Each structure stands twice: as structure tokens, then as C-alpha cells.
Amino acid sequence: MSRVGRWALWALCLVWCVALRAEAQPQGVEAPEEIPREIVLGFNPAENAQTLQRAADALAEALSERVHLPVRATVTLDYTTLVEAMRSEHVHFAWLTPSPLVLAERLFPVRVLLTQVRRGQPSYYSALVVQEGSRFQRVEDLQGASIAWVDPTSTSGYIIPRYLLAQRGFDPSTFFARQLFAGQHDAAVIAVQRGQVDVAAVWANPPAEGGGAWTRYLEHRPGPRLRPLLMSPPVPSDAIATKATWAQSHPRLVRSVSEALVAIGQSAEGRGLLRRLNATDGFVPADTAHYELVRRAFQSNRESHARARSGRFEDPKTVYIFSALVLLAAVLGAGAMRRWPGAQRAAAWSLFGVALVWSASAARIPAHDFWRGWRDIGHFLRGMLPPDTGVGAEVFEATVLTIRLALVGTVAAIPFALLVGLLAAENVMPLAMVRRGARFFCNLDRSIDLLIVGLILVSAYGPGAFPGVGALAIHTVGSLGKQFYETLETLDPGPVEAMRAVGCTQTQVVRWGVWPQFAPHFVSQSLFRFELNVRGAVVLGLVGAQGIGFLLQTYMRGAEYAKVTVVIAAIVVLVMALDAISARLRKNVS
Amino acid sequence: MSARLTLRDLTRRWPDGTLGIDLSGQSLVFEPGEMTAILGPSGAGKSTLLRCASRLIEPSTGEVTLGELALTCLKGRALSRARGQIGFVFQQFNLVRSYSALDNVLVARARHVSWARGLLGLWREVDVALARRCLDEVGLAEKHQSLARELSGGQQQRVAVARAFAQEPQAIFADEPTASLDPQLSATVLGLLRRYGQRESVPVLINVHTIEHARRYCDRVIGMRAGRVVFDGPSSTLSDAAVNEIYGRQAEEGAAL
Ligand SMILES: Nc1ncnc2c1ncn2[C@@H]1O[C@H](COP(=O)(O)OP(=O)(O)OP(=O)(O)O)[C@@H](O)[C@H]1O
Ligand SMILES: [Mg+2]
């Protein structure tokens, strides 16, 4: 029988077996429910990941007591990771704010079990606010005004208010003359108070109570008051949800966990515990239809963005200016070819001038508000003093951890860097193909910035030390490898030729002719790379790798500026000490 | 075990098409124990000839045989090993400057030990003893442990000579071994090479620019010009006219100065 025939037969057998198995599954009869070894609750970080983790752990413990199963709480770096963890069933029950909920629903069937209750309500509101004395009375008046959104993923600060405008027949992408993202709700209302923008989109209390972000954050700030211009209908609060297929195969477990969570909200000590989780009062069984508003708002936004983005530049001037630059560059090229120095020089200067002016306009220097920014930095600096030395131990530990991460990342990469460096060096590797391959690898690897590698690994492995070490190692292979081969090629060819002459094989030539010359460079460049990697590890902390950078970010998010001082001091000392030590060591080597 | 060195029809064409050496139709035979000086103006192709003959660079055509060994037919590791049959002394010494004199000589034993030993530097006791003897022979008995970079130019060149001896070579090539040495040291180094060649009965080829050295230390003189051999005879027959023939007008101008 031919090979193809044999393979086909095998494939047929396989299909047959699978079909038989599928048939053998009992249908209709509920299979005995498989109890997982532990239940995992997933959270999406709000402001302070550490505080959230502690509160989430407490909830997990309370839940564990009620369902008599081990329960673990995990805080993911961002909501995409949380949704992915749900999909892969690493997280069984997820606490979802609206946008991850909608994202999850787009990827797989989701069952919403419970809705969070805050301020006694399973919903919240969103508002467009303006200065009290402003001319804006109706939504229509806002046409051509300027607006501060919170950020493009914020439900109450972007998604819902834009949907409200769309419902009234306005295209939210063109309705306003100017739009900006304030980043936070407080920054958005402050921008309106200062008159930087006319209107802001922020969260609001139930209409019966009145107020919202603008009353909370401006309470102690002198200046004009704000009033709401447009209030949204109630938007359902966060959801507790599971993957629908998992809920189907674990119906009893899902029921008991839901009941336990509701019960925790009703008990006194349970309520104290939930308060720390985004000011939650409790849970009520969810009505999926309730979330329809959120779904429609997200859908409408996606469509409006697709419309607005298709083939259009944000700023139509982009096309003209860019064409002018290309034209000037062409003149420059032609001038160079025709040996026409006058035109060439003129084109070069105007190219530079236009590019510079255009780029400067991108920086958007706040002309009238420049000094106000300084005053706010003053606030920040005052908050930094006196430093909170109580966090000394924590900061020290994080600093040492950063060094450890850099050390293991660097050392793990060195053998590989040496290998690609040797393979890429002309005086070591005689085969041009291999050299070119190794060089291409180095340049490619090097051109992907450390932070980018870090972000990719963090999204793959979740926040933690490993992605940090991995990013350092990956980046180091390329950059150190390149440094290695460049140095190798500057070595004296004399000893290399001598080793060939005495009858050494190629590896022996490398050992005796290349290595002794290269060793001091190898040591000092590796040391220097370690130094760079410590600094890299600090910054990697910001994308979720552990260490001092992570601590810095945690304190900054929590506005704990007195602690930030200690972290910054530690970073300065670390970098300076390392610089001095490594400089001295390197001097000794060479 | 004395071997005869034969170069036949050897040419070397550079990538730009010019001929570095062109011995087509010529065959040079070097007898064991014979010391030959290669003379010629700068750029004549003297260095190229020695490098081709030891296959440090590839000849374009022609063949090199050393005793039974057809050097030009070899590849890979066999070629590496075969190169070691020829002791090569470089004008710039080419020592590993951060290694001791002894270590610099010991690498010459790579050809005589297993590949792994040669790679890791696990020299046998006999190798170390031999390396020491070679250093003694060039008068550096006390300098075994000195780092190469701490030695004077003359001492470094003698370490390089000891390294060539330690190869137990079948031939010795020296490319202007005395160019950076004072006259007395030059005489010492040339004397060492000559003595070794006669004692071990191997052919010795040296590139020199000093005619007096050629006459005094060498049995035979080969004159090169523009890649071709223009003179070949016993050093006693090297007349001033022959020197002018080899060097062309340059020598006359030099003499006039
Ligand atoms: N790698 C190379 N590529 C191209 N041409 C070369 C190369 N090496 C040498 N040449 C040329 O080959 C010719 C012979 O060079 P070679 O070094 O053999 O001369 P030489 O006789 O040793 O001179 P010198 O007495 O100055 O050392 C010269 O013209 C030189 O320019
Ligand atoms: Mg030369």
C-alpha cells in the first residue's frame, strides 16, 4: 500500500474512534459534577494592586469557609489578562467591570451571576458637567465646545456619555471641536473648573442624591462650581461572571458560590470586608438584560470609531505637511545628485525647519497654563516631604530584588550573547551565511526595546518577576551579542594568524588567538550590561515586573508621595553606587 | 625525517585581479638544512609567497609539497594540522600579550596533543619540558613566567622563534624576523634559525631586506620582483649587479643617499 494510503487509513481509524467516544457520552443525563481542587476568583486591578490583593484574599477566605473548598484570589495586570484567564479556566469566577465584561462576551459565552451593589444600588450614573455660570443649557449647546473624557476605556467617563450623544443623533467624533483625555475623573473635573475645557464626562451619584465626581473632587478646591448638564440612565455596576460552559458543567458549585457571595454581603463582617473592594455593599442576582445598555454603548462606540477612523487623519494638515516634507527631501536628493549645493543647502534647512516647527506643535505647550503646572508640582513636592521612612524595609527589599532580577537576567543571557557574538564575528566564523544570520538576529532583537519585550512577556505570563527577567535576558542577548562581535572584529589579527600557523583547529584558534584578547572586553562589557540591566529592571517594574519600579508605581497610584520619596532616593543611590562600583571593576579588568 | 619543500607553479591572484605572486612555469625546491633568503623590493610578493606556501592564505593555482605531504590537497582539520608542520615567525611576533612566555610557546603543541587537550590547555609534562627547552635554546630560560607584553621586542621575537621550534616543524618560514630588532639581536635571531635548520635538517626560508644578512647567514638567495623570481642562486654568487637587478633603480637611489 502506498504511503498516502496508509496515512489515510490511520486518519480514518482516528475519526472513527473519536466518533465512537462522542457517542458513548451519556446525553441528557447530567454527568456527576467534577469538583475542582480550588476555586479561583479573578480581579481586575483598580488603583492599588497591593491593597486590592489583600482585600481580595480576605474575600477568598470568607468564601472558602462558606463553600468548604480552597479559594484563591488573583489580581491580573489588566482586564485582557483577566478575560484570557477566564477563557482558559484558570479563573473560575471573575469580577468584571463593564468593558472586560463586553470584551469577554465577544470572545465566548459568559454567564453573569451577580451585580455589585454600591451606595445601596446595583447601578451607577454618568454625567456631562459644565461650569455653573457657563452658557451651556442644553446638550445641543455643546456643539463645537471642548470636552475632557476620562480615558477611552472608561465606561462612565467615555463609553456611556458618547452613547448618550449618539442616541440624540450627534456624531460624538465630530460633535466637539476639541477632545482630550484627562486620565482620571478628578483631572477631568479640574480641567473644567480651570476653564481648560468646557465640559467633562465623569461618574455621578444617583439623581436623587445629586453630586458626583465634581462634588467629591472639587470639595476642597477653590474656584467655580460645576453643574451636571446631562445625566445617564442607571448603568449596572460590576458583574460577577463565569464562562458559560464552565457554569454548565459545574451547576451546583456555581449556585453555592453565588449564594455564598450574596450571604457575605448580608453579614456584618462580610460587609466590612466588601467595603474595601471598591466600596461594595453586597451583591444581588444579576439580570443579564440589565447589561444591555452597556453592550449597546460599547457596540455603538466601536462602530463610531470605525466610521471616524476609516481612511481619515485626525488632523487633515498632516497630509499637506508630510507631502511638503517629502517634496523637500526629493529636492534635497536631486540637489545632491546634480551637485547643486545651493538648492541642496536651502532644501536641507527648510526640511529641518518645517519638521521642527511641525514637531514643536505636537508638544502642545500649555502657554497660559504653564506656571500653574509648576504650582501643582509644588503640591506634589510638598506631599513628598517629610519622607515616610517607615517603608524603608519594604523599599530595601524591593531594591535588592531588582538587583537580583538584573543579575539573573544578565547572567542567563551571557552564554547566548557570546554564542551569537562569536557566530557573527568575521574573524571567528568563516561562513558568511551564518554571520549574516547571527547579525540579523542581534539587530532585530536589539531594536525591540526592553519595555516592549517586557510588555509582551507580562501579557503572556502575567505580572511577576519572571517576565522581567525574561525581558532583560532576551534584550541582553541581542545588544550584548552585537557589542561582542563588534569588539571581536577589532582584535589584533596577529595572534589569530599565529595560532592558525602553529596548527590549531578553528576552535583552538578561537580559544588561544581570540579569547585571551577578548576576555577583558568580555568581562567589562558584561559588567556594564549588568549595570544597564539594573536600570532596565527598575523601569520594567512599571510594566508589572516586580522590584522597585513596581513599588514606585504602586505608591504613585495610591498618591502616597511621602513613600515615593523613599523609593526615588533608593533608586538614585542604587544607580550611583552601581555606576561607581562597576566603573572601578572595569578599570581593574582592562 | 628530513623533508624537502617543493613549490610548483604557485600563483596568487587578489580579488582585484592583480597577481600577488606568479611562479607559473617555475618550480622551487628547498633542501633539508638549507637556509634561503628571499630578497626583493617592497610589494614584490615575499610575504605573499610564504603565506601561500604555508596556506595561511589560499594560493590560486599550483602545489606545495613538504616531504610526502601535499599541502595544497588538504582541507579542514587535516589542513590545520598540516600547517603546524611549518614553523612561522612573524615580523610583528604575534604573541598573545597577556600570556606568559611559556604559555605562548605551549600553544605550539596543540598539533601534538588531542583536540580537547589542545582546546583546554591540558598540556602533557613532555610538552611543558619541550617548551622550556625551546625557551632555553633562545636564551630566555629565566623569562618563562614573564608576560609577553612585559618583554622587550627582541625577547618577544625570540619567544616567537621558540614557539616555532616547539612545533617540531618540518620547515621554518620567517617573514622579516629582524625588521624591528637592532643589528646585534638580528644576528642572534638569524643565528638561532640557521643553527636549528642545520641541526634538525629542515629547510629554512626567511624574508629579509638586509643583503649583508642574506650573504652571511644563508646558503641560497632568491630574488623576487613584481611577484616573479628574478634571481636564484647560492648566496656567494649574489653580486652587487645581481642586487641591482633585483631591486631595480631603487637600490641605486638608496646607495646614492
Ligand atoms: N590582502 C591583499 N589584498 C590585495 N592585495 C594585497 C593583499 N596583500 C598584499 N597585497 C598586494 O600584493 C603585493 C605583494 O604584497 P607582499 O606583502 O607579499 O609584499 P612584500 O614583498 O612582502 O613587501 P614588504 O617587503 O613591504 O613586506 C603588494 O602589491 C600588495 O599591495
Ligand atoms: Mg612583507
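Note on naming: letters A, B, ... go to the chains in the order of the sequence lines (proteins, then strands), and numbering restarts at 1 for each one. Everything numeric in this text was worked out from a predicted model, so none of it was measured.
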Per-residue contact mode, [X] against chain A (heavy atom under 4.5 angstrom):
X        : answer
B:Arg97  : neither
B:Leu120 : backbone
B:Arg109 : neither
B:Leu56  : both

**Report entry** Donor-acceptor under 3.5 Å (A:Trp512 side chain, B:Val96 main chain)
**Finding:** no
Tell me if the [atom1] atom of [X] is crowded by more than 12 foreign heavy atoms within 6.0 Å.
X        : atom1 : value
B:Arg4   : CZ    : no
A:Phe416 : CZ    : no
B:Lys143 : NZ    : no
A:Arg345 : CZ    : no

On a heavy-atom basis, which atom in [X] and which in [Y] lie closest, and how many Å separate them?
X        : Y        : answer
A:Pro516 : B:Ser98  : O-OG, 3.8 Å
A:Gln508 : B:Ala110 : OE1-CB, 4.0 Å
B:Leu119 : A:Thr507 : CD1-O, 3.5 Å
B:Phe90  : A:Ala498 : CE1-CA, 3.6 Å

To the nearest 0.5 Å, what is the distance between [atom1] ([X]) and [atom2] ([Y])?
X        : Y        : atom1 : atom2 : value
B:Leu79  : A:Arg500 : CG    : CZ    : 8.0 Å
B:Ser80  : A:Met499 : OG    : CE    : 13.0 Å
A:Cys504 : B:Arg81  : SG    : CZ    : 8.5 Å

Report summary line: Assert top hit (heavy-atom pairs under 4.5 Å, partner chain B, pool A:Val502, A:Thr505, A:Val509) equals A:Val502
Query - With B:Gln92 via side chain to side chain donor-acceptor pair (under 3.5 Å) - residues at least two apart - result: none
**Report entry** Sub-4.5 Å side-chain heavy-atom contact between A:Gln506 and B:Arg77
**Finding:**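 Side-chain contact under 4.5 Å: no.
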Requested in this report: Count the heavy-atom pairs under 4.5 Å between each of B:Ile86, B:Asp103, B:Asn94 and chain A, then report the option with the highest count.
Outcome: B:Asn94
